[in-house]
Amino acid sequence: MKIRVLVSYKDSVLDPQGQTVRNALLTMDYDFVKNIRQGKVFEIEIEALSDERIKQVIPELADRVLANPIIEKFTWEIIE
Amino acid sequence: MSKLRFGVVVFPGSNCDHDTFHVLRNVYGQDTFYLWHKDHDLNNADCIILPGGFSYGDYLRSGAIAKFSPLMKELQEFAHGGGLVLGICNGFQVLLELGLLPGAMLRNKNLKFLCEHVHLKMENDQTPFTNQWQENRVLRIPIAHFDGNYYASSDTIEEIKTNDQIVFRYADREGRITEEANVNGSVENIAGLVNKQRNVLGMMPHPERASESLLGSNDGQAIFKSIIHHLTHSLNYS
């Protein structure tokens with residue numbers, strides 16, 4: 001099984017890296033780009049677990065390790 | 001007077017551990033030793049220092065992996081029991097990840113690694129780390145970091161201010177708190193803060209790099225001298 005966890009800054013936190021990437025795109029005339037938020041992707045291979053167990057442990061490990069809840073939020077999905 | 005015992009924690013990737021050790025042992029003449037992060041023994045230290053560097057290569061987030069080091073269990077117990085803990089730069093980031101201090105670090109606002117001397121205004125002289133401060137003095141101490149842009153929610157900032165937890169703020173040479181002096185974009189120009197109990201200090205500037213005039217500044221002495229004064233006089237702070 002494979003899980004994908006996406007970690008990004010909370011909306012209330014400024015993301016200077018995202019802004020810089022946006023500015024670069026604007027200078028290349030991609031002037032339709034309104035905003036960019038940069039994040040991190042984790043692809044996690046795991047042993048097969050029950051749906052119930054996955055719903056418990058993935059948010060738990062994302063909250064404890066992958067993201068810092070003070071500044072970051074996360075979403076996750078089963079991709080394989 | 002018997003010597004005090006200072007423990008300098010070494011993580012893989014620490015690189016200011018030797019500087020800190022040198023200053024405490026050779027400049028201040030204290031009994032200083034390293035503590036390996038995988039051990040479970042603080043060796044009866046009076047004060048623990050988490051040094052600067054790049055623990056675990058700053059992978060994931062600065063300080064994020066170091067917080068799971070075995071020794072951090074004993075460090076948490078030591079801090080909760082009132083023991084003095086000083087986190088410098090990466091050590092500050094580890095203290096934030098551990099939750100011993102409130103808030104988190106973001107990348108510097110200009111996305112640059114900053115390595116320069118800065119001026120600091122001291123906001124609270126009633127802590128074990130600042131009691132030997134000369135009034136109204138502005139310190140000149142170097143910084144060297146990529147992730148020093150201190151962030152906390154507005155509720156947390158209010159709480160920090162109410163409890164007088166802000167110890168250092170980035171300032172100009174006259175001690176004025178300005179946007180220009182706020183080199184990394186920190187909320188409220190925060191460069192260092194203590195916990196509510198006043199026994200844990202985290203700071204981004206490096207006092208160990210400013211403890212000998214040969215190196216351009218000895219303003220960092222205010223911090224080490226305060227710790228030594230506090231421990232030898234068992235002071236209390238309200």
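Naming convention: chains lettered A, B, ... in sequence-line order (proteins, then strands); numbering from 1 in each chain. Note that these values count all heavy atoms, side chains included, but never hydrogens, waters or copies made by symmetry. Quantities reported herein were computed from a predicted structural model and do not represent experimental measurements.
- Contact detail for B:Arg107 and A:Pro16: the closest heavy-atom pair is O-CG, 4.4 Å.
- In terms of modelled atom types and a separation under 3.5 Å, the side chain of A:Lys40 and the main chain of B:Leu60 share a donor-acceptor contact.
- There is no contact between A:Val7 and chain B, counting heavy-atom distances below 4.5 Å.
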* To do: Apply side-chain contact (heavy atoms from CB on, under 4.5 Å) to A:Tyr9 and B:Leu106, showing your working.
  => CA-CA 10 Å; A:Tyr9 286 129; B:Leu106 300 170; 3.4 Å; yes
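- When heavy atoms are compared at a cutoff of 4.5 Å, A:Glu72 approaches chain B solely by way of its side chain, counted from C-beta outward.
- The local environment of CD in A:Glu77 is crowded, with over 12 non-hydrogen atoms from other residues, nucleotides or ligands closer than 6.0 Å.
- The CG atom of A:Leu14 lies 8.5 Å from the CG atom of B:Asn149; values are rounded to the nearest 0.5 Å.
- In A:Glu45, the CD atom is not crowded: 12 or fewer heavy atoms of neighbouring residues, nucleotides or ligands sit closer than 6.0 Å.
- The environment of B:Tyr59 atom OH is sparse: at most 12 non-hydrogen atoms of other residues, nucleotides or ligands sit within 6.0 angstrom.
- Residue-environment remark: CD (B:Glu180) stays at or below the threshold of 12 foreign heavy atoms within 6.0 Å.
- Interface summary for chain B: among A:Val13, A:Asn68, A:Ile71, A:Asp15, the most heavy-atom pairs under 4.5 angstrom belong to A:Asn68.
- B:Phe68 has its side chain within reach of A:Val65: a pair of non-hydrogen atoms, C-beta onward, lies under 4.5 Å apart.
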